[in-house]
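Inspection log for the structure reproduced underneath, given as structure tokens.
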Number of protein chains: 2
Amino acid sequence: MRISSKGDYGLRALFDLAQHYGKGPVQSEDIARRQGIPINYLNQLLITMRRAGLIESLRGPQGGHMLARSPETITLRDVLIALEGPLLPGDGTREDLVPGVPEDHDLIDEVWSELRAQLEAMLSRTTLDDLCQRKRQRAGSVMYYI
Amino acid sequence: MRISSKGDYGLRALFDLAQHYGKGPVQSEDIARRQGIPINYLNQLLITMRRAGLIESLRGPQGGHMLARSPETITLRDVLIALEGPLLPGDGTREDLVPGVPEDHDLIDEVWSELRAQLEAMLSRTTLDDLCQRKRQRAGSVMYYI
DNA sequence: GTATTCTTGAGCAATTTGCTCTACTATGGC
DNA sequence: GCCATAGTAGAGCAAATTGCTCAAGAATAC
């Protein structure tokens, strides 16, 4: 039930891309520098996210990465599932375990399943665009102090 | 963001204990047999849960394990935190990572933090007693078919 | 005191994490 | 066509975690 650095790094990278949405490709080196992610590791995560259909990449000079869809259609759920895999038991993760008393086993399985549905719903409520708006709001409120 | 077999096994074991609540100690071997958990592994998990204050154990003949509190005061959150550790970044898990741009880093940290609060609230809504009631209801509804 | 039951800790193979490095491929510009 | 720039692919690797087993010890009821 923990999120590894993949999810953390991946969200940071996508957030970076979201802030450059519509302004052409962003190079992985720039993302790595801005977000403090080891470049070689980031490249791996970017490939994973491209395969998950979250970003598109262009090679060659002036190449780079960009969101495959607009920031308001990419949710935390998309990011975490792409990078961390299935979220909870009940999606194939625990089918290997010995069942035990069937009534109890089925009941626990249902608990995980319902929990997963709730969790995914929760994660689906936050989009990359929400994060961008929050950052803009915050920058705005800081202005009052000047 | 996944739950390992620890959480799954642990919940099954506690659910077993909840069904025997108030009827004296239950031996780990019985739990293992009923719930399909490898005995040696279960013993480890039971120790972890005892240290977390979820169960109490008695040694010697007729010894065994029992819930330390009543089933309606033990939630899924308690079980998962005891066995799987901290649930999401924002509780010390990700402090090792290089920050990057401070505004972005802080914002992402907040996202994890809020998410964790929501998740824990979600997990706190289900108690061991809820599971027992569900099982009883189900057994009751099965009766109608007979 | 002896059988029973939990406790502690070592050990271990397999998998995952968090990287690095090298080689390769695609593309734009000269 | 050549070359610099970027992404792509995959091997490799140390450290941590998972999912167990096993042996020795300690407490307790009878």
Side-chain angles (χ1 to χ4, degrees), chain A residues 1-10 12-13 17 20 24-33 35-52 54-68 80 82-86 89 93-98, chain B residues 1-10 12-13 17 20 24-33 35-52 54-68 80 83-86 89 92-98:
Chain A
M1 179 66 97
R2 65 169 20 140
I3 288 183
S4 70
S5 71
K6 284 184 193 174
D8 196 334
Y9 283 151
R12 292 199 215 177
L17 290 182
H20 292 84
V26 179
Q27 290 149 25
S28 64
E29 201 181 329
D30 292 337
I31 304 176
R33 187 173 18 79
Q35 303 298 330
I37 308 173
I39 176 75
N40 289 318
Y41 196 39
L42 173 61
N43 278 330
Q44 280 187 188
L45 302 181
L46 288 169
I47 291 175
T48 301
M49 292 193 283
R50 187 179 54 76
R51 289 186 179 146
L54 295 178
I55 64 176
E56 284 171 357
S57 310
L58 295 176
R59 302 205 243 197
Q62 317 315 321
H65 307 270
M66 41 212 260
L67 295 184
L80 292 181
L83 290 167
E84 307 271 355
T93 322
R94 292 271 68 79
E95 277 165 17
D96 44 324
L97 302 185
V98 174
Chain B
M1 178 65 97
R2 66 170 19 143
I3 288 183
S4 69
S5 71
K6 284 184 193 175
D8 197 332
Y9 283 151
R12 291 198 216 177
L17 290 182
H20 291 83
V26 180
Q27 290 150 26
S28 64
E29 200 181 329
D30 292 337
I31 305 175
R33 186 173 18 80
Q35 303 300 329
I37 308 174
I39 176 75
N40 289 317
Y41 196 39
L42 173 62
N43 279 328
Q44 281 188 185
L45 303 180
L46 288 170
I47 291 173
T48 302
M49 292 193 282
R50 187 180 53 76
R51 289 186 180 145
L54 296 179
I55 64 177
E56 284 171 358
S57 310
L58 295 177
R59 302 204 243 198
Q62 315 315 318
H65 307 269
M66 41 211 259
L67 296 185
L80 292 180
L83 290 167
E84 307 273 354
T93 323
R94 292 271 70 79
E95 279 166 15
D96 44 322
L97 302 184
V98 175

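Below, chains carry the letters A, B, ... as their sequence lines are ordered, and counting in each starts from 1. None of the values given here were measured: they were computed from a predicted structure.
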| query | Are A/S28 and D/dA6 close enough that a side-chain N or O sits under 4.0 Å from OP1 or OP2? | reply | no
| request: Quick one: stems involving DNA chain C, counted as three or more successive Watson-Crick or G-U pairs, both distances short of 3.5 Å. | output: C:1-30 with D:1-30
| Atom NE2 of A/H65 and atom C1' of C/dA26: how far apart are they, to the nearest Å? | 13 Å
| task | Figure out the CD/P separation between A/E29 and D/dA6, and round it to whole Å. | result | 8 Å
| When the distance from CG of A/L17 to C1' of D/dG7 is rounded to whole Å, what number comes out? | 14 Å
| said: Show the nearest heavy-atom pair for residues B/Y9 and B/G36, with the distance to one decimal. | reply: CE2-O, 4.0 Å
| Partner residues of A/A52 under the side-chain contact (heavy atoms from CB on, under 4.5 Å) criterion, sequence neighbours left out | A/L54, A/A82
| Least distance between heavy atoms, B/P25 atom then B/L58 atom | CG-CD1, 4.2 Å
N/O-N/O pairs, protein side and nucleotides 23-30 of chain D side, under 3.5 Å:
residue	atom	partner	partner atom	Å
D/dA27	O4'	B/R59	NE	3.4

| Reported OG-to-CD1 distance for the pair B/S5 and B/I37, which is rounded to 0.5 angstrom | 9.5 Å
| said: How long is the straight-line distance from CD1 of A/I31 back to CG of A/L17, given to the nearest 0.5 Å? | reply: 4.0 Å
| Please give, in whole Å, the distance from D/dA6 P to A/I31 CD1? | 13 Å
| field | Short side-chain N/O contact from B/Y9 to OP1 or OP2 of D/dC20, under 4.0 Å | value | yes
| said: Can you tell me which nucleotide in C/dC6, D/dG7, C/dT20 comes closest to the side chain of A/Q27? | reply: D/dG7
| query | A/Y41 OH to D/dA14 C1': how many Å, rounded? | reply | 14 Å
| query | Which heavy atom of A/R12 sits nearest a heavy atom of A/Q35, and at what distance? | reply | NH1-O, 2.9 Å
| request: Specify the closest pair of heavy atoms between B/G63 and B/Q27, including all atoms of both residues, with the distance to one decimal. | output: O-CG, 3.3 Å
| query | Does the side chain of A/K6 get closer than 4.0 angstrom to OP1 or OP2 of C/dG18 through an N or O atom? | reply | no
| Whole-Å distance between C/dC19 P and A/D8 CG? | 11 Å
| note | side chain to side chain donor-acceptor pair (under 3.5 Å) filter on B/N40, not counting sequence neighbours, yields none
Could you pull out every donor-acceptor pair under 3.5 Å between side chains of residues 41-50 of chain A and any protein atom, sequence neighbours left out?
residue	atom	partner	partner atom	Å
A/N43	OD1	A/S28	OG	3.1
A/N43	ND2	A/I39	O	3.4
A/T48	OG1	A/Q44	O	3.2

| query | Could you state the CD1-P distance from B/I37 to D/dT18, rounded to the nearest angstrom? | reply | 17 Å
| message | Within residues 42-52 of chain A, which residues have any heavy atom lying less than 4.0 Å from an atom of DNA chain C? | response | A/Q44
| request: Taking all heavy atoms of B/M66 and all of B/G24, pick out the closest pair and write down the distance. | output: SD-C, 4.4 Å
| message | Just the rounded figure in Å: distance from P of C/dT7 to CD1 of B/I39. | response | 12 Å
| query | Looking at A/S57, does any N or O in its side chain come under 4.0 Å of the phosphate oxygens OP1/OP2 on D/dT8? | reply | yes
| query | Are the side chains of A/K6 and A/E84 in touch, meaning some heavy atoms are under 4.5 Å apart? | reply | yes
